[in-house]
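Read through the structure below, which is laid out as structure tokens, and then see the notes.
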Amino acid sequence: MSLGTWTPDNTAPQPPTRDTLIQAATLGQADAEFFPAQAPDALNELHEWIKQPQSQWQPELEPLETETLIALVRFFTLAEQHWAGWEAGDKNPAIWICKTLKPRGAFPDVELTRWVKANTDNRFLPYGNPLA
């Protein structure tokens with residue numbers, strides 16, 4: 001029997017492409033009752049990236065238009081609620097997106113906040129963990 005050392009793989013997955021984010025935003029524009037029951041295969045790279053910290057998400061979010069970001073808030077809210085394995089808690093990208101919208105003057109938005117609260121069980125959405 002030999003003993004060796006184990007080194008965890010600390011490499012982060014590749015960030016999602018702009019096309020993947022746009023595809024997710026398109027799903028986020030649909031009404032909640034028409035959200036797909038399963039994640040499309042094309043969104044696998046997004047699933048691998050879902051729990052990345054805000055510092056990793058920020059460069060991916062900044063270039064996107066405000067309307068796209070709002071649709072992504074809706075997408076990540078619904079994805080976490082409807083798809084197994086997409087649970088992100090206080091690391092849900094919808095939180096980082098709302099923080100990106102704030103300096104643009106597009107958040108807080110009473111209507112969006114109401115919609116998010118009505119479509120999730122995640123107590124951290126849309127503002128994040130107040131103790132973090």
Begin with the C-alpha distance, continue with both residues' side-chain angles, and end with the deciding distance and a verdict on side chain to side chain contact (heavy atoms under 4.5 Å, CB included) for L46 and F76.
CA-CA 10 Å; L46 197 53; F76 283 113; 3.9 Å; yes
Closest approach of [X] and [Y], non-hydrogen atoms and distance?
X    : Y    : result
I95  : G89  : CD1-O, 4.0 Å
R104 : L64  : NH1-O, 2.8 Å
L27  : P36  : CD2-CG, 3.8 Å
A94  : L125 : CB-CD2, 3.8 Å
A71  : A25  : CB-O, 3.3 Å
A84  : E87  : CA-OE2, 3.9 Å

Mind jotting down which residue pairs meet the side chain to side chain donor-acceptor pair (under 3.5 Å) criterion with at least one end in residues 88-97? Sequence neighbours excluded, please.
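Listed by first then second residue: E80-N92, D90-N129.
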Test item: [X] and [Y] side chains (from C-beta on) under 4.5 Å apart, heavy atoms:
X   : Y   : value
R74 : Q29 : no
I50 : P93 : yes
L21 : T17 : no

Got a sec: does the CD of E62 have more than 12 other heavy atoms crowding it under 6.0 Å?
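Enclosed.
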Is it true that atom NZ of K117 has more than 12 heavy atoms of other residues, nucleotides or ligands lying nearer than 6.0 Å?
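More than 12 heavy atoms, drawn from other residues, nucleotides or ligands, come within 6.0 Å of this atom.
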Just say parallel, tilted or perpendicular for the rings of W49 and W57, cut-offs at 30° and 60°.
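Ring orientation of W49 relative to W57: perpendicular.
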Should the pair W83 and F75 be assigned to parallel (<30°), tilted (30 to 60°) or perpendicular (>60°) ring geometry?
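Judged by the thresholds at 30° and 60°, the geometry between W83 and F75 is perpendicular.
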Taking [X] for the side chain and [Y] for the main chain, is one N or O donor matched with an acceptor at less than 3.5 Å?
X    : Y    : value
Q23  : L43  : no
T113 : D109 : yes
H82  : Q38  : no

Atom pair [atom1] ([X]) and [atom2] ([Y]), whose distance is rounded to the nearest 0.5 Å:
X    : Y    : atom1 : atom2 : answer
E111 : I70  : CD    : CD1   : 9.5 Å
L78  : E33  : CG    : CD    : 10.0 Å
K102 : Y127 : NZ    : OH    : 8.5 Å
I97  : Q54  : CD1   : CD    : 10.5 Å

Less than 3.5 Å apart, any donor N or O on the side chain of Q58 or T100 sitting next to an acceptor on the other?
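Judged by distance alone, the side chains do pair up.
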Return the set of residues passing side chain to side chain contact (heavy atoms under 4.5 Å, CB included) with R123 (not counting sequence neighbours), or none when no residue passes.
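Applying side chain to side chain contact (heavy atoms under 4.5 Å, CB included) to R123 gives none.
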With respect to Q81, which candidate in N122, D121, N119 satisfies the side-chain contact (heavy atoms from CB on, under 4.5 Å) definition?
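That would be D121; it is the only one of N122, D121, N119 passing the side-chain contact (heavy atoms from CB on, under 4.5 Å) with Q81.
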